[in-house]
Amino acid sequence: MVLAVVEIVVLLVLLGLLLSRLGVWTAGRPALAPPRATWGPAHDEVDGVTRVLLRRSRPGPDGEPVVCEDRVFATFPADDPA
């Protein structure tokens with residue numbers, strides 16, 4: 001009888017470890033992690049100046065990108081034909 005109880009306890013512990021590793025049982029943590037931000041090339045025009053930049057963004061709750069950071073590499077007048 002005692003052996004059966006010990007086996008059940010061991011099986012429940014192993015099941016709990018398996019479920020926690022699979023992410024099914026999160027123990028109070030959110031089920032879905034927020035999307036990670038990624039870097040990508042971009043350009044924009046601000047006050048008649050075109051900026052070439054590297055932009056770090058992540059998807060927002062509505063699916064549109066949310067800009068986290070911009071790193072400007074070059075600027076030139078927007079009306080420059082070259």
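Note: hydrogens, waters and symmetry copies are ignored here, and every other heavy atom, side chains too, is used.
Atom CD1 of Ile8 sits about 10.0 Å away from atom CG of Leu3, to the nearest 0.5 Å.
Residue-environment remark: CG (Asp47) stays at or below the threshold of 12 foreign heavy atoms within 6.0 Å.
Here the side chains of Phe76 and Arg51 are not in contact, with every heavy-atom distance at 4.5 Å or above. The shortest side-chain heavy-atom distance between Thr50 and Thr75 does not fall under the 4.5 Å cut-off. Between Leu54 and Glu69 the shortest side-chain heavy-atom distance does not fall below 4.5 Å. Two residues are said to be in side-chain contact when any heavy atoms from C-beta on lie closer than 4.5 Å; Arg58 and Pro65 fail this criterion.
When hydrophobic clusters are built by joining Ile, Leu, Val, Met, Phe, Trp and Tyr residues whose side-chain heavy atoms come closer than 4.5 Å, directly or via intermediates, Met1 is not grouped with Val9. Both Leu14 and Val6 belong to a single network of hydrophobic side chains, linked directly or stepwise wherever heavy atoms of I, L, V, M, F, W or Y lie under 4.5 Å apart.
Summarising the geometry of Ser57 relative to Val67, their closest heavy-atom pair is CB-CA, 4.1 Å, with the distance given to 0.1 Å.
Salt-bridge formation is not detected for the pair Arg56/Asp70: no Lys NZ or Arg NE/NH1/NH2 atom is positioned less than 4.0 Å from an Asp or Glu carboxylate oxygen.
Not a single side-chain hydrogen bond (donor to acceptor under 3.5 Å, both in side chains) links Arg36 to another residue, sequence neighbours left out.
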